[in-house]
Number of protein chains: 2
Amino acid sequence: MRVSVLVVILTIIEEELRVLLIHRSAEPYLGWWALPGGLLLPSESLADAAARKLVEETGVGDVYLEQLFSFDDLDGEVGSVAIAYFALVDSRRVRLRTEAAWEPGWFGVKDLPELAFANAKVIDYAIARLRNKLVYTNVAYSLMPETFPLSDLQAVYESIFGRAFDKRNFRRRMLSQGIIKPTGRTISRGAHRPAELYEFSSRQPMTL
Amino acid sequence: MRVSVLVVILTIIEEELRVLLIHRSAEPYLGWWALPGGLLLPSESLADAAARKLVEETGVGDVYLEQLFSFDDLDGEVGSVAIAYFALVDSRRVRLRTEAAWEPGWFGVKDLPELAFANAKVIDYAIARLRNKLVYTNVAYSLMPETFPLSDLQAVYESIFGRAFDKRNFRRRMLSQGIIKPTGRTISRGAHRPAELYEFSSRQPMTL
DNA sequence: CCAAAAGTGTTCGGCTTACACCCATGT
DNA sequence: ACATGGGTGTAAGCCGAACACTTTTGG
């Protein structure tokens with residue numbers, strides 16, 4: 001009975017939601033793109049295994065990480081179980097191991113290559129969960145730097161939902177839910193009025 | 001690496017939400033009350049294992065069954081993983097194996113005995129999930145007979161949420177969501193006006 | 001005729017949505 | 001001065017919550 005852990009690592013790059021994929025280094029599906037993952041070590045917890053994979057691939061540690069679902073049909077082998085997690089990272093903090101044999105890469109979720117096993121299903125599941133959580137929690141903190149202009153946050157939401165939001169309504173929602181708060185500082189980024197900088201009220205996952 | 005499956009089997013008895021517990025027949029926690037479960041057989045899927053456990057304990061098969069969460073801290077043993085499911089059954093269809101050595105029994109969820117491992121946490125998790133699903137899906141079909149007066153359904157909702165609902169609002173919500181529909185038949189149950197019988201528009205789980 | 005549960009509409013407040021103009025800055 | 005993105009208020013529709021009386025039956 002084999003237990004493995006899979007991690008759907010999501011980020012925003014160039015206003016596009018992307019997922020980290022690696023080349024498989026073993027049969028079956030040798031050389032195909034797949035989600036990072038591996039066997040659960042005998043002494044570690046599931047969350048530890050997922051966090052370890054995340055650090056191995058991206059170098060970042062303190063990010064949002066949540067258990068997604070457990071699958072029994074992911075590596076063809078009978079009696080094998082995979083517990084999937086999803087993580088949200090700020091791509092500016094990530095350093096991929098591009099020297100690694102498995103050549104990791106970020107792929108736009110609308111433009112995925114053919115994947116090993118049923119990995120596409122796992123990614124769809126992660127995106128659905130992410131969209132839900134964005135609505136009523138602060139998970140986006142894990143995609144953003146400490147402070148940011150509101151329009152950056154809105155751009156992240158729009159990338160993930162694939163549609164535009166009204167900026168007045170967006171601001172009202174974020175503030176009235178108490179998810180973010182103004183820092184009082186501003187930032188200038190071009191030939192226009194400087195933007196106020198905001199921060200998340202909390203950078204811990206909300207427990208409901 | 002051991003993989004086991006746990007099932008939180010919920011029902012309504014005497015207007016109370018209850019969970020099926022058994023006596024553990026092995027160490028550790030020998031003789032304590034615990035959720036039914038067992039090892040995943042080499043050739044079966046996770047959902048099959050959960051359904052098998054459900055049939056073994058209750059005799060019913062075609063009910064709502066959903067994966068809840070996977071735990072790695074449930075039987076003390078390191079490297080052991082338990083995938084929890086929850087099921088909703090109509091107690092009128094259930095025949096418990098009362099002759100069985102483990103003496104299964106229904107316990108009101110507000111009045112649980114001390115449980116083995118962290119089973120109380122799993123039950124809380126199941127109840128939270130159930131309450132969520134009741135709001136926007138038809139899962140309650142699995143707790144009800146084919147046809148029923150609306151007040152019976154409302155009583156089920158009230159038992160699970162632990163509070164009363166306004167019957168006009170309740171009726172409107174159920175009908176406008178299209179979860180149930182009238183059958184045209186009625187039922188008389190006492191010295192008062194007969195009730196219209198309703199049925200679920202679909203007795204399949206909604207996939208969203 | 002009385003007791004008991006079934007059935008039925010309307011009002012109010014809050015939330016979501018849609019929508020258009022002025023502001024501050026760099027060049 | 002002008003181009004660019006930043007910032008702001010209001011009205012309309014929709015949804016959920018609160019609320020009381022009439023209907024139909026059995027005894």
Side-chain angles (χ1 to χ4, degrees), chain A residues 12 14-15 131-138 140 144-200 208, chain B residues 12 14-15 131-138 140 144-200 208:
Chain A
I12 303 284
E14 292 164 358
E15 314 231 314
R131 286 180 178 153
N132 266 311
K133 292 261 163 157
L134 281 176
V135 175
Y136 61 97
T137 76
N138 64 350
M144 304 293 293
E146 286 288 328
T147 67
F148 48 87
L150 201 49
S151 55
D152 281 12
L153 182 62
Q154 183 170 344
V156 164
Y157 271 69
E158 291 178 342
S159 299
I160 296 171
F161 283 96
R163 64 193 174 87
F165 296 107
D166 178 274
K167 63 178 171 173
R168 287 162 291 190
N169 295 338
F170 183 79
R171 172 187 302 266
R172 206 187 352 255
R173 241 176 51 209
M174 290 298 133
L175 290 172
S176 72
Q177 284 180 121
I179 290 177
I180 58 168
K181 62 185 184 192
T183 62
R185 302 192 298 123
T186 62
I187 187 177
S188 261
R189 287 199 303 192
H192 54 81
R193 178 171 174 176
E196 294 176 29
L197 283 170
Y198 289 82
E199 63 189 336
F200 281 86
L208 290 215
Chain B
I12 303 285
E14 291 164 359
E15 315 231 314
R131 286 181 177 152
N132 267 310
K133 292 261 162 156
L134 281 176
V135 175
Y136 60 95
T137 75
N138 65 347
M144 305 292 293
E146 285 288 329
T147 67
F148 48 87
L150 200 49
S151 55
D152 282 12
L153 182 62
Q154 183 170 344
V156 165
Y157 271 70
E158 290 178 342
S159 299
I160 295 171
F161 284 97
R163 65 195 174 85
F165 296 108
D166 179 274
K167 63 177 171 172
R168 289 163 287 191
N169 294 337
F170 183 79
R171 171 188 302 267
R172 201 184 359 252
R173 243 175 50 208
M174 291 297 133
L175 290 172
S176 71
Q177 285 181 121
I179 290 177
I180 58 169
K181 60 185 186 194
T183 61
R185 301 192 299 121
T186 62
I187 187 177
S188 261
R189 288 197 303 192
H192 53 81
R193 178 170 175 176
E196 296 175 28
L197 283 170
Y198 290 82
E199 63 188 339
F200 281 87
L208 292 212

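- Summarising the geometry, the separation between CD1 on B:Ile187 and P on C:dA4 is reported as 20 Å, rounded to the nearest angstrom.
- Here the C1' atom of nucleotide D:dT24 and the CZ atom of B:Arg189 are 15 Å apart, to the nearest Å.
- Atom OH of B:Tyr136 is separated from atom P of D:dG16 by 15 Å (rounded to the nearest Å).
- In this model, a side-chain donor or acceptor of B:Arg168 finds a partner on the base of D:dA20 within 3.5 Å.
- In this structure, A:Ser176 reaches neither bases nor backbone, as no heavy-atom distance under 4.0 Å exists between it and the strands shown.
- Contact annotation for B:Arg172: base contact, defined as any heavy-atom pair under 4.0 Å involving a base atom.
- Remark: side-chain polar atoms of A:Glu158 are paired, donor with acceptor, to backbone N or O of A:Phe165 under 3.5 angstrom.
- Using modelled atom types, one side-chain atom of B:Thr183 and one backbone atom of B:Leu197 make a donor-acceptor pair closer than 3.5 Å.
- Between B:Arg171 and C:dT8 there is a side-chain N or O to OP1 or OP2 distance below 4.0 Å.
- Checking side-chain atoms of B:Tyr157 against main-chain N and O of B:Leu134 turns up a donor-acceptor pair under 3.5 Å.
- For the pair A:Arg193 CZ and D:dG6 P, the interatomic distance rounds to 10 Å; values are reported in whole Å.
- The CZ-P distance, from A:Phe170 to C:dC15, rounds to 18 Å in whole Å.
- Atom CZ in B:Phe148 sits about 14 Å away from atom P in C:dA6, given to the nearest Å.
- Between D:dG6 and A:Ser151, a contact under 4.0 Å exists linking OP1 or OP2 to a side-chain N or O.
- Two residues are said to be in side-chain contact when any heavy atoms from C-beta on lie closer than 4.5 Å; B:Glu196 and B:Leu150 fail this criterion.
- In terms of position on DNA chain C, the residue among A:Asp166 and A:Ser188 whose nearest nucleotide sits closer to the 5' end is A:Asp166.
- Closest-nucleotide positions on DNA chain D for A:Ala195 and A:Asn169 were compared, and the one nearer the 5' end corresponds to A:Ala195.
- Other residues, nucleotides and ligands place no more than 12 heavy atoms under 6.0 Å from the CZ atom of A:Arg185.
- Taking for each of B:Glu196 and A:His192 the nucleotide of DNA chain C with the nearest heavy atom, the 5'-most of the two is the partner of B:Glu196.
- Remark: P of D:dG6 and CZ of A:Phe165 are 17 Å apart, rounded to the nearest angstrom.
- Regarding B:Arg173, its CZ atom lies at a distance of 7 Å from the P atom of D:dA17, rounded to whole Å.
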